[in-house]
Amino acid sequence: MSVRFYNTMTNKKEEFVPLEEGKVGMYVCGITAYDMCHIGHARSAVVFDVIFKYFKYRGYNVTYVKNFTDVDDKIIAKANEEGTDISEISERYIKEHNEDMDRFGIARPTMTPKATENIQGMIRLISTLIEKGLAYDVDGDVYFSVGKFKQYGKLSGRHIEEMVAGARIEVDEKKTNPLDFILWKSAKEGEPWWDSPWGRGRPGWHIECSVMSQRFLGTTFDIHGGGRDLIFPHHENEIAQAEGASGEIFARYWIHNGFIRVNQEKMSKSLGNIFNMREAMNQYHPEVLRLFMMHSHYRSPVDFSDESLAEARLGMERFYGTLRNIKQYLATDIDFSALSSKSLTGNDEAIFEKVTTLPERFTEAMDDDFNTARALGYIFDVVRLINGYCSDKKFRPTPEALYVLNAAMTAIREVGKVLGLFLEDPDDYFEQDKKREAAKFGLNIDEIERLIEERQKARAAGNWKKADEIRDHLVSKKITLKDTPETTTWTIG
RNA sequence: GGCGGCAUAGCCAAGUGGCUAAGGCAGCGGUCUGCAAAACCGUUAUUCACCGGUUCGAAUCCGGUUGCCGCCUCCA
């Protein structure tokens, strides 16, 4: 079996055959460093983080390159606003980006090049394009001549003539064809610049990705990814630049993630419905946000709302609840180290078989276009199975049972690691959750625990009326109690 | 105007030619519990927006209709 996924270039699911056996070269368009990251950036990061981790899980040696755009109009505007230079702005937001992504459980890519570190490579590529007659220089501005690249539009399925007729394109006197895009911009007063054969200026947006991807991954490489909105014009232009210059195929497979929506609308700055990552992480555990995203296929749009996040939180509670349960059983001093799967019989054996084959089902789901939703379904199956196993009246924590539970935990953790889930200690997870929820609802944890203690005394005395009064009071504050013979635990929400 | 995507139970969401249409949330009945909660068991779509067609057979393929969304301008 091999990994299959949807290739935007062909609009079909295809079997993935890497250029070089056992290796994957992947380039993903990163952020323009001029503002805090929002959950849309987080989704893209999660999608490619999971793909990165999954290829590694499948035994590939992956080189994952994700760039930072650190020179651009918006960065310049912000720098001018603050009376500083662009590097201060970009460095600040790259730092914020890394902090957010780390907290989100996103593994650092193999390489994270910056545009400004690759200006010479861009100048070389632009020069080649001019030599080949695919680009032209007008007063220090260099444009790509779209009409000269026969395959223009092959990724997005567009045709040059139709786009010209489409008319929403700004008229620029300097361009031969209104669809031509800029490769090099001449510097205006007060803008950062680099020397070039066409005078002082800076690169256009698209050129950096053509250069950096090929620099680190080769002229032709395996996978290029990014958000759906980058298909046109960004990725189309990257192809034109790279393939126009080299005459060879640029990226062999294209992966694009779907968008985050809010109330059925795209989340965008112009609509003012942006949720930034940091804010979201204060409201929900990063794993809850990841679970929410992975609940849907990576190419589908997902609707971001309090309801959907609350549901993801409940799902997370289910996973961690089972892991906590297993952890408690394993904390006893029953020794199961001498056992092997051969020692198991009957139900123990059947459950063991089912849980230890989870990675196989997980792989089957992920091999099919990174189907995280189906994979999660399989993990939920194991959770239900284990909960049933433990809650059976005949269940006893025998060494055999603990051996099975340990295998279940190992299997869940193994696949969870690829998805970036279940990485917390279950008790820590619930502790964090409690604090976060308490802060959200303005509740005082000490006060709650004092009331619970008071209720415990009433319960011990058989004063059910008082115990229930206290519980009702807490329930009205969204606090749920769970009594066990010895103690009472509680959760919010 | 051009290009593309989506439509599956109360909600979220897999499934893209053939076993009983995954899984989660919510609901209902039961087990457990002082009562609850959690957990478990059972139950909840003869049916996959609508209309035609292809096929022995379609949620899945084809054509049309309706609705929603994205891209075509910076955008993950």
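Residue numbering restarts at 1 for every chain, and letters A, B, ... go by the order of the sequence lines. Values reported hereafter were calculated over all heavy atoms of this structure, with side chains retained and with hydrogens, waters and symmetry mates removed.
- Base pairing of U46(B) is not made with any nucleotide, judged by Watson-Crick or G-U wobble geometry with both donor-acceptor distances under 3.5 Å.
- G4(B) and G10(B) have their C1' atoms separated by 31 Å, with the value rounded to a whole Å.
- Comparing Leu385(A) and Arg471(A), the nucleotide of RNA chain B nearest to each residue sits closer to the 5' end for Arg471(A).
- Across C11(B) and C32(B), the matching P atoms stand 34 Å from one another, rounded to whole Å.
- Counting to the nearest Å, the C1' atom of C72(B) and the CZ atom of Phe181(A) are 15 Å from each other.
- Distance NE2 (His297(A)) to P (U16(B)): 11 Å, rounded to an integer number of Å.
- Among the protein residues, Gly227(A) comes within range of the sugar-phosphate backbone only, with heavy atoms under 4.0 Å from sugar or phosphate atoms but none that close to a base.
- At whole-Å resolution of the value, CG in Leu323(A) and P in A38(B) are 19 Å apart.
- Residue Arg455(A) is in base contact, counting any heavy-atom pair closer than 4.0 Å across all strands shown.
- Remark: Arg436(A) fails to qualify as a cation-pi partner of Tyr284(A) under the 6.0 Å distance and 45° angle criteria applied to the six-membered ring.
- Among A14(B), A76(B), G34(B), the nucleotide with an atom closest to any side-chain atom of Asn257(A) is A76(B).
- Nearest to the side chain of Met267(A), among A26(B), A76(B), A14(B), sits A76(B).
- Take the nearest nucleotide of RNA chain B for Tyr298(A) and for Asp483(A): the residue whose nucleotide is more 5' is Tyr298(A).
- Figure legend. A39(B) is base-paired to U31(B); pairs are counted as Watson-Crick or G-U wobble with both atom distances under 3.5 Å.
- The side chain of Arg459(A) has G34(B) as its nearest neighbour among G34(B), G70(B), U31(B).
- Straight-line distance between the P atoms of C25(B) and C61(B): roughly 30 Å, to the nearest whole Å.
- Seen from the ring of Phe304(A), Arg261(A) does not count as a face-on cation partner, given the 6.0 Å and 45° thresholds.
- Between the side chain of Asp392(A) and the base of C40(B), no donor-acceptor pair under 3.5 Å is found.
- Judged by distance alone with a 3.5 Å cut-off, a donor-acceptor contact links the side chain of Asp468(A) to the base of G34(B).
- The interatomic distance linking Tyr329(A) (OH) with A39(B) (P) rounds to 15 Å, in whole Å.
- Using atom C1' as the reference point in both C12(B) and A22(B), the two lie 14 Å apart (nearest Å).
- With rounding to whole Å, Leu358(A) atom CG is found 15 Å from G23(B) atom P.
- Side-chain proximity of Lys266(A) to C71(B), C40(B), A14(B): nearest is C71(B).
- Judged by ring centres under 5.5 Å apart and planes tilted less than 30 degrees, Phe380(A) fails to stack against the six-membered base ring of G24(B).
- Taking only side-chain nitrogens and oxygens, Ser300(A) comes nearer than 4.0 Å to OP1 or OP2 of A14(B).
- When Watson-Crick and G-U wobble pairs are counted only if both distances are under 3.5 Å, C56(B) pairs with G18(B).
- Using a 4.0 Å heavy-atom criterion, one finds that Gly462(A) contacts no nucleic acid atom at all.
- In terms of phosphate contacts, Asn371(A) brings a side-chain nitrogen or oxygen within less than 4.0 Å of OP1 or OP2 of G15(B).
- Among the atoms of the strands shown, only primed sugar atoms or phosphate atoms (P, OP1, OP2) are found under 4.0 Å from some heavy atom of Gly157(A).
- Comparing C40(B), A13(B), G34(B) by their nearest atom to the side chain of Trp464(A) picks out G34(B).
- You'll find that the side chain of Ser391(A) is closest to A39(B), out of A37(B), C35(B), A39(B).
- Judged by distance alone, the side chains of Thr357(A) and Glu353(A) never bring a donor and an acceptor atom under 3.5 Å apart.
- Heavy atoms of Ser156(A) sit under 4.0 angstrom from primed sugar atoms or phosphate atoms, though from no base atom.
- Residue Arg374(A) has its side chain nearest to G15(B) when only G15(B), A13(B), A39(B) are considered.
- Residue-level contact check: Phe259(A) touches the bases, meaning some heavy atom is under 4.0 Å from a base atom.
- Here C40(B) is the nucleotide among G2(B), C40(B), C69(B) with the atom lying nearest to any side-chain atom of Arg384(A).
- Separation of the His224(A) and Tyr27(A) ring centroids falls under the 6.0 Å cut-off.
- Only one option out of Ile479(A), Leu443(A), Ile445(A), Ile492(A) pairs with Glu437(A) in a side-chain contact (heavy atoms from CB on, under 4.5 Å); it is Ile492(A).
- Between Phe221(A) and Phe250(A), the ring center distance clears the sub-6.0 Å criterion.
- Atom CZ of Arg324(A) and atom P of A37(B) are 17 Å apart (whole Å).
- Atom CD in Glu311(A) sits about 15 Å away from atom P in G23(B), given to the nearest Å.
- Nearest nucleotide to the Arg318(A) side chain, out of C71(B), C25(B), A14(B): C25(B).
- Separation of the C1' atoms belonging to A58(B) and A39(B) is 39 Å when rounded to the nearest angstrom.
- Cation-pi contact between Lys434(A) and Trp490(A): present, with separation from the ring centre below 6.0 Å and deviation from the ring axis of at most 45°.
- Nucleotide U16(B) holds its P atom 12 Å from the CZ atom of Arg299(A), rounded to whole Å.
- In this structure, C25(B) forms a base pair with G10(B), meeting either the Watson-Crick or the G-U wobble geometry with both donor-acceptor distances under 3.5 Å.
- In this structure, Lys175(A) forms no cation-pi arrangement with Tyr143(A), as its terminal cationic atom is not both closer than 6.0 Å to the ring centre and no more than 45° off the ring axis.
- Counting any heavy atom pair closer than 4.0 Å across all strands shown, Ile260(A) reaches a base atom.
- Looking at Tyr253(A), Phe48(A), Phe16(A) one by one, the single match for ring pair (Phe, Tyr, Trp, His ring centres under 6.0 Å) with Phe55(A) turns out to be Phe16(A).
- Here the separation of C56(B) from C50(B), taken at their C1' atoms, is 26 Å to the nearest Å.
- Looking at heavy-atom distances under 4.0 Å, Leu314(A) makes contact with sugar-phosphate atoms alone, never a base.
- Within the shown strands, G70(B) is the pairing partner of C3(B) under the Watson-Crick or G-U definition, both distances less than 3.5 Å.
- A gap of 30 Å separates the P atoms of U55(B) and A9(B), to the nearest Å.
- Taking the centre and axis of the six-membered ring of Phe380(A), the NZ or CZ atom of Arg318(A) falls outside the cone set by 45° and 6.0 Å.
- Comparing C68(B) with U73(B), their P atoms sit 24 Å apart, to the nearest whole Å.
- The residue Ser308(A) sits apart from the nucleic acid: no heavy atom pair falls under 4.0 Å.
- Among the atoms of the strands shown, only primed sugar atoms or phosphate atoms (P, OP1, OP2) are found under 4.0 Å from some heavy atom of Ser296(A).
- Here the side chain of His38(A) is nearest to one of C35(B), A76(B), C40(B), namely A76(B).
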